[in-house]
Amino acid sequence: TTAPDAGNPFNGYTIYLSPYYADEVTAAAAAISDATQKAKALRVKDIPTFIWFDVIAKTPQLGVYLADADAKAKASGEKYLVQIVVYDLPDRDCAAAASNGEFSIANNGMNNYRRYIDQLVAEIKKYPDVRIVAVIEPDSLANLVTNLNVAKCSGAQDAYKQGTTYAIQQLNAVGVYMYLDAGHAGWLGWPANLNPAAQLFSDLYRAAGSPQFVRGLATNVANYNALNAASPDPVTQGNPNYDEMHFINQLAPQLTSGGFPAHFIVDQGRSGVQGLRQAWGDWCNVYGAGFGTRPTLNTGSSLIDAIVWIKPGGECDGTSNTSAARYDTHCGIASAHKPAPEAGTWFQAYFENLVKNANPPL
Ligand SMILES: O=[N+]([O-])c1ccc(O[C@@H]2O[C@H](CO)[C@@H](O[C@@H]3O[C@H](CO)[C@@H](O[C@@H]4O[C@H](CO)[C@@H](O)[C@H](O)[C@H]4O)[C@H](O)[C@H]3O)[C@H](O)[C@H]2O)cc1
Ligand SMILES: [Mg+2]
């Protein structure tokens, strides 16, 4: 492959709008009777989100999106960038129940995962003119920092490291710009977690051969923290890194000294409203959340390439059905909007609140 362009990979690119999410939003708006809210909801169609490849069956769809972006680029003369999330490790989401994936380590999981990555790579190879930015495996390495006391996480440690290494090496070979998932300020941002996190990320990066297309880390994926909080949310009490900016400013130099000169992208898709949670660890369908700062390269920090919307607002975090196989107690607590459908499926009431509570307003 060619070497990566220096600097911010988003610079000069038109971000491809996910047709999948656009269809979800169109259907959602159709179900809203209030004219003002309906109009606001429809505006979300034009806001770029990341496309999640959470099952191997979706991998051929990447080729469809890349072909579409390629055609749009050739028709308009613009350069197109497609935002994806790679999210299918075996024993996925090891500290929770809500987003458990299709592959298990015990059942040929590593071979299946390599096949999943290989299928993404095969689609990517067909469209060399379309730029891809990928967030790599939300909730994987972060769980190895704080949850090795959870049996499923300690059991998944090698698979997560080997799987992530395979993914970044294979995607690097086809020029995909990558940001590894790094939890958020309320997870790895606690002072006690910072150095272990920096150690884990930089060790893995160097052991993989410092892949040149690995640009850095993604933070706050599917979480609700402010990038720059006007004042610390009460639940952050005790953590001086009370927002993503503080977390990033503390983490970046430790990564650089570990040989990983990381830049960042920060999810603000559901960060419009602060002060919602009973506890900072509340992550499931937090009630009252609003769409946050619109995606932009005007981030206010040379460490941050872009503010982005990674978790598509309206897609559920997890079911509130206590008898469901993937029921996680975090989706049944006071902070959580109930009743909620299965993770990844459309949560209409939640979406309507995101629209209503959007800050800045839609
Ligand atoms: O003051 N002190 O002295 C002190 C001492 C120790 C402290 O411990 C810290 O407490 C934190 C909670 O405050 C914990 O952070 C939570 O960890 C969970 C995983 O275990 C995360 O859950 C994931 O969230 C994802 C979406 O983000 C979901 O997609 C995914 O399914 C879901 O699993 C939460 O976000 C995240 O907020 C830290 O681990 C923990 O180390 C804290 C303070
Ligand atoms: Mg999840």
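Read the numbers this way: they start at 1 and go in the same order the structure lists the ligands and their atoms. It should be emphasised that the depicted structure is a prediction, and the values quoted were computed from it without experimental measurement.
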ask   = Looking at Asn193, which atoms of ligand 1 are within less than 4.0 Å of one of its heavy atoms?
value = 41 (O)
Residue Thr146 vicinity, atoms of ligand 1 by number, heavy atom under 4.0 Å = 39 (O), 41 (O)
inquiry  = Quick check on contacts: which atoms of ligand 1 are under 4.0 angstrom from a heavy atom of Gly281?
reply    = 12 (C), 13 (O), 37 (O)
remark   = Contacts satisfying disulfide bond (SG atoms under 2.5 Å apart) that involve residues 87-199 (not counting sequence neighbours) are Cys94-Cys153
request  = Describe, in one word, how the ring planes of Tyr177 and Phe213 are oriented to each other, choosing from parallel (under 30°), tilted (30 to 60°) and perpendicular (over 60°).
outcome  = perpendicular
inquiry  = What I want to know is whether His184 and ligand 1 share at least one N or O pair that is separated by under 3.5 angstrom.
reply    = yes
key: Close-contact set for ligand 1 against Asn147 heavy atoms, below 4.0 Å   = 19 (C), 20 (O)
query = Gly186 near ligand 1, heavy-atom distance under 4.0 Å?
reply = yes
request  = Give the ring-plane orientation class for Tyr65 versus Tyr16, where under 30° counts as parallel, over 60° as perpendicular and anything between as tilted.
outcome  = tilted
ask   = Should the proximity of Asp328 to ligand 1, defined as any heavy atom under 4.0 Å, be assigned to the side chain, the backbone, both, or neither?
value = neither
message = Before we go on, tell me: are the rings of Tyr13 and Phe10 under 6.0 Å apart, centre to centre?
response = no
inquiry  = Please classify the Asp317 to ligand 1 contact at 4.0 Å (heavy-atom distances, strictly less than): side chain, backbone, both or neither.
reply    = neither
request  = Begin from the C-alpha positions of Asp70 and Lys126 and carry the test salt bridge (charged side-chain N to carboxylate O under 4.0 Å, His left out) through to its verdict.
outcome  = CA-CA 10 Å; Asp70 197 41; Lys126 298 174 193 168; over 6 Å; no
query = With a cut-off of 6.0 Å (strictly less than), are more than 12 heavy atoms of other residues, nucleotides or ligands near OH of Tyr287?
reply = no
query = What are the atoms of ligand 1, with element, lying closer than 4.0 Å to any heavy atom of Ala96?
reply = 31 (O), 33 (O)
query = Quick one: CD on Gln61 to CG on Leu66, what's the gap to the nearest 0.5 Å?
reply = 10.5 Å
query = Relative to the heavy atoms of Trp280, which atoms of ligand 1 are at a distance of less than 4.0 Å?
reply = 13 (O), 37 (O)
task = Below 4.0 angstrom from a heavy atom of Asp93, which ligand 1 atoms are there? Numbered from 1 as shown, please.
result = 30 (C), 31 (O), 33 (O)
note = atom 18 (C) of ligand 1: of Tyr224, Trp187, Trp190, the nearest heavy atom sits on Trp187
key: Under 3.5 Å: N/O of Asp139 near N/O of ligand 1   = yes
ask   = Quick one: which ligand 1 atoms are inside 4.0 Å of a heavy atom on Asn223?
value = 26 (C), 27 (O), 35 (O)
message = Show every side-chain hydrogen bond (donor to acceptor under 3.5 Å, both in side chains) that has at least one partner inside residues 336-353, sequence neighbours left out.
response = Arg326-Glu342, Trp346-Gln348, Gln348-Glu352
inquiry  = Determine whether Asp233 and Arg277 satisfy the following criterion, salt bridge (charged side-chain N to carboxylate O under 4.0 Å, His left out), listing intermediate values before the conclusion.
reply    = CA-CA 9 Å; Asp233 183 322; Arg277 290 174 276 189; 5.0 Å; no
